[in-house]
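All heavy atoms count here, side chains included; hydrogens, waters and symmetry mates do not. All values reported here derive from a predicted model rather than from experimental measurement.
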Amino acid sequence: MSTPFPFTAVVGQDDLRLALLLNAVSPAVGGVLVRGEKGTAKSTAVRALSALMPALDAVTGCRFSCDPASPDPACPDGPHEPGASETRPARMVELPVGASEDRLVGALDIERALAEGVKAFEPGLLADAHRGILYVDEVNLLHDHLVDLLLDAAAMGASYVEREGVSVRHAARFLLVGTMNPEEGELRPQLLDRFGLTVEVAASREPDQRVEVVRRRLAHDDDPEAFAARWADEEAAVRARIAAARELLPSVRLGDAALRQIAATCAAFEVDGMRADIVMARTATALAAWAGRTDVLAEDVRQAALLALPHRRRRNPFDAPGLDEDKLDETLEEFGGSDDEDPGPQGPEGGPDGGPEDGGPDGGPDGGGGLPPQSGDGAGAGGGGGDATVPPQGDGAAPRPAGPGAGEQSPVRAAEPFRTKTLSVPGIGEGAAGRRSRARTEHGRTTGARRPRGALTKLHLAATVHAAAPHQRVRGRSGPGLVVRRDDLRQAVREGREGNLVLFVVDASGSMAARRRMGAVKGAVLSLLLDAYQRRDKVGLVTFRGSGADVALPPTSSVDAAAVRLESLPTGGRTPLAAGLLRAHDVLRVERLRDPARRALVVVVTDGRATGGPEPVATAGRAARLFAAEGVASVVVDCESGPVRLGLAGELAAQLGGTAVTLDELRADSIAGLVKNVQGTSRRAA
């Protein structure tokens with residue numbers, strides 16, 4: 001087994017270490033979500049935490065880690081005899097992004113269950129993680145059906161496996177830790193709320209600190225055991241401090257004054273539900289115990305808010321995470337009354353605050369634990385800490401030329417987004433799970449049965465019985481059980497929804513540059529991006545103006561990144577429609593090689609004019625017919641305005657083999673009709 005990098009050897013990242021340590025002190029805090037750019041020691045710190053977790057007692061031989069002091073009466077390995085126990089380290093179980101449902105929750109032997117009525121159950125990762133840590137790297141890329149299972153287990157503290165009337169239940173209480181790069185997409189709000197704390201991490205911009213990171217990494221890689229031995233004393237000290245804080249935790253007093261501050265803070269930032277209040281209370285209590293105090297102070301409440309609220313107060317997927325610290329301080333000061341019965345902030349050491357000499361709870365063995373970075377150097381590089389807030393509707397800054405003869409205008413602010421009609425790709429696909437177009441999936445309504453092509457995952461019971469029934473006499477059936485052979489098993493064919501690649505091709509030329517018009521266009525694209533976020537699509541952005549076209553954003557799962565690029569999109573110049581379509585065609589060709597199962601929906605946002613390049617109209621028509629020939633689903637959002645309309649966008653839609661809709665028809669509450677399935681034949685979707 002390889003020697004892990006020591007937790008205390010991680011350079012910087014004080015807030016990340018503090019959040020992890022608080023969960024080690026009080027697992028009831030609810031876990032940590034670590035957001036940040038790649039290469040910032042997210043996974044290293046999480047994997048190192050398991051070495052600091054106190055050992056636990058478990059029933060000997062129990063595959064579900066039952067506590068011998070209070071074994072689970074419904075444990076599949078039970079009932080347990082008293083007295084048989086063993087002490088072992090807490091486990092850290094990693095959930096791969098591509099894991100199957102059976103690997104996560106466990107698997108039943110369907111053949112034995114049908115033929116013998118035996119509940120032969122093989123535990124999954126949820127059972128392994130019970131009373132330990134469940135770590136999900138790249139948690140934002142986890143499939144939706146696995147997210148649903150995690151949500152159920154986190155909410156109930158148990159995992160249920162039910163198939164065709166055979167049911168198994170076991171306890172599954174774990175510390176959920178996830179890491180993610182926001183550039184690759186955001187989390188569903190339901191899963192986001194299940195993480196107790198969140199931290200934003202970014203690489204240091206200080207040369208000395210970066211040098212130390214490289215020095216320690218190289219030293220560990222050269223001789224992991226010797227490097228770990230150098231940090232053994234620091235590791236032991238932190239381990240002992242965690243144990244002491246756990247012992248002190250039940251004695252920590254959360255007074256009425258601190259509770260008022262917690263409630264007032266959650267109300268001031270308009271968080272949903274009451275989970276934020278509970279998590280803040282538990283976090284503040286853990287902070288006091290970590291500092292060696294028996295009373296919760298205002299500084300604990302403030303730190304708890306900075307860790308527990310940023311991911312809960314987001315009202316829009318394009319809003320930047322973080323808290324307004326001035327507003328936080330004002331709220332804490334306003335509701336910072338004292339408890340009459342408080343004995344004062346005396347800790348066990350009898351000092352002025354009972355904590356470390358530098359005041360307040362530190363974030364780790366190096367005395368860190370400052371406030372989570374809410375803005376500034378590098379936090380936005382990963383797409384999570386930058387200012388991606390959608391500005392309010394307005395005319396924006398006055399136009400200015402970008403250079404001599406360029407005719408470029410400054411970016412225009414987007415109009416207020418709205419709820420759009422549903423656009424979907426025709427036919428039935430087999431792409432990644434999502435919520436846009438029809439697809440054959442592992443989850444959804446059952447539409448038929450077939451012979452399994454590999455391991456059986458979803459049994460179609462009626463079809464299996466129907467296939468096995470004619471052979472019972474030949475097979476010598478004599479008892480109540482059905483004699484089932486492998487050839488009798490039938491896989492259920494299910495239909496659900498998939499996510500698509502929504503590729504936006506946006507006209508940013510001078511014909512679109514009228515300020516109100518471009519603001520409305522950006523508002524429409526922003527609305528479609530919101531819809532893509534909710535439907536778990538990948539998105540890409542191609543823009544064309546002047547003399548050519550650019551890929552403003554290659555296909556990505558980060559809808560936030562697309563919104564940022566859209567907001568900063570300049571306009572002006574001629575209209576090279578053909579160049580935009582050809583560039584979009586190239587993007588789709590490359591993306592098919594990377595992800596052949598994901599079907600595409602091309603959304604062209606234009607007024608239909610073509611003025612750039614030789615023979616612009618004819619060239620644009622030939623480019624559009626390439627999409628029609630390949631059966632690519634498309635829709636043209638007609639941005640033409642005014643009393644006189646040329647209908648060029650409609651002609652473009654006909655050449656694409658798609659549908660044209662106006663900005664008004666795009667609204668979900670519009671009285672104008674809009675066919676949900678984008679019209680067009682698709683050989684790949686058939």
- Just checking, is any N or O donor in the side chain of T662 or D664 under 3.5 Å from an acceptor N or O on the other one? no
- Query: S437 and N500: which non-hydrogen atoms are nearest, and at how many Å?
  - Reply: OG-OD1, 2.7 Å
- Message: Closer than 3.5 angstrom, by distance alone: can the side chain of R210 be matched with the main-chain N or O of S204 as a donor-acceptor pair?
- Response: yes
- Message: If you define the side chain from C-beta out and look only at heavy atoms, does anything of R565 sit under 4.5 Å from T543?
- Response: no
- Message: Treating T606 as the side-chain partner and A649 as the backbone partner, does any N or O pair qualify as donor plus acceptor under 3.5 Å?
- Response: no
- Heavy-atom closest pair (V542 atom, A584 atom, distance to 0.1 Å) is CG2-CA, 4.3 Å
- Message: So, taking the atom named CE in M518 and the one named OG1 in T571, what distance separates them when rounded to the nearest 0.5 Å?
- Response: 6.0 Å
- Message: Using the rule given for side-chain contact (heavy atoms from CB on, under 4.5 Å), can you reason through L306 versus D15, listing the C-alpha separation, both sets of side-chain angles and the distance that settles it, and then say yes or no?
- Response: CA-CA 10 Å; L306 291 169; D15 306 303; over 6 Å; no
- Query: Tell me, do L528 and V502 make a side-chain contact under 4.5 Å, heavy atoms counted?
  - Reply: no
- Hey, is the main chain of F418 close enough, under 3.5 Å, to the side chain of S527 for a donor-acceptor pair? yes
- Message: In the structure I gave you, are the side-chain heavy atoms of N140 and E138 within less than 4.5 Å of one another anywhere?
- Response: yes
- L526 side, atom CG; D531 side, atom CG - distance, nearest 0.5 Å: 11.5 Å
- Please name the pair of heavy atoms, one in A660 and one in G650, separated by the smallest distance, quoted to 0.1 Å. CB-CA, 4.0 Å
- Approximate separation, where rounding is to 0.5 Å, of T179 OG1 and R35 CZ: 12.0 Å
- Item | Gap between atom CG of L423 and atom OG1 of T659 - 0.5 Å precision | 9.0 Å
- Item | Residues R312 and D272 bridged, charged N to O under 4.0 Å | no
- Message: My understanding is that only residues two or more places apart in sequence, or in another chain, count here; which of them pass salt bridge (Lys or Arg N to Asp or Glu O under 4.0 Å) with K538?
- Response: E591
- Item | Sole candidate of E498, E495, E430 that passes salt bridge (charged side-chain N to carboxylate O under 4.0 Å, His left out) when paired with R440 | E430
- Message: Less than 4.5 Å apart, side chain to side chain, heavy atoms only: is that true for V604 and L581?
- Response: yes
- What do the steps show when you test V46 against V32 for side-chain contact (heavy atoms from CB on, under 4.5 Å), and what is the final call? CA-CA 10 Å; V46 174; V32 186; over 6 Å; no
- Sidechain-backbone polar pair: R438 side chain, I428 backbone, donor-acceptor under 3.5 Å: no
- Determine, stepwise, if the pair D537 / L601 fulfils side-chain contact (heavy atoms from CB on, under 4.5 Å). CA-CA 10 Å; D537 294 317; L601 171 63; over 6 Å; no
- Donor-acceptor contact below 3.5 Å, side chain H311 vs main chain L33: no
- Query: For E206, does the CD atom have more than 12 heavy-atom neighbours from other residues, nucleotides or ligands under 6.0 Å away?
  - Reply: no
- Message: Pair L151, L191 - check side-chain contact (heavy atoms from CB on, under 4.5 Å), show working.
- Response: CA-CA 6 Å; L151 288 173; L191 182 57; 4.1 Å; yes
- Are V199 and L307 close enough that some pair of their side-chain heavy atoms sits under 4.5 Å apart? yes
- Query: Quick one: does S634's side chain have a donor or acceptor within less than 3.5 Å of a partner on V602's backbone?
  - Reply: no
- Message: Let me confirm one number: the CZ-CG distance from R436 to L501, rounded to the nearest 0.5 Å.
- Response: 10.5 Å
- Determine whether L646 and E640 make a side-chain contact, defined as any pair of heavy atoms from C-beta on separated by less than 4.5 Å. yes
- Query: Do V521 and D507 have side chains that get closer than 4.5 Å, going by heavy atoms?
  - Reply: no
- K522 side-chain N/O to L566 backbone N/O, donor-acceptor pair under 3.5 Å: yes
- Does T40 offer a backbone N or O that forms a donor-acceptor pair with the side chain of Q13 under 3.5 Å? yes
- In short, P570 meets A508 closest at the heavy-atom pair O-CB, 3.6 Å
- Evaluate salt bridge (Lys or Arg N to Asp or Glu O under 4.0 Å) for E665 paired with K421, printing each intermediate quantity in order. CA-CA 8 Å; E665 291 172 337; K421 291 283 182 67; over 6 Å; no
- Query: Between R535 and T422, is any side-chain donor less than 3.5 angstrom from a side-chain acceptor?
  - Reply: yes
- Query: Within a reach of under 6.0 Å around NZ of K327, are more than 12 heavy atoms found that belong to other residues, nucleotides or ligands?
  - Reply: yes
- Task: Working to the nearest 0.5 Å, report the span between CG of L176 and CG of L95.
- Result: 9.0 Å
- Query: Is a side-chain donor or acceptor of R599 paired with a backbone partner of P426 at a separation under 3.5 angstrom?
  - Reply: yes
- Query: Of all heavy-atom pairs between A562 and L529, which one has the smallest distance, and what is that distance?
  - Reply: CB-CD2, 3.8 Å
- Item | Minimum side-chain heavy-atom gap H585-V632 below 4.5 Å | no
- Closest approach of A45 and L16, non-hydrogen atoms and distance? CB-CD2, 3.7 Å
- Task: Could you tell me whether a side-chain N or O of D324 sits under 3.5 Å from a main-chain N or O of D326, the two making a donor and an acceptor?
- Result: yes
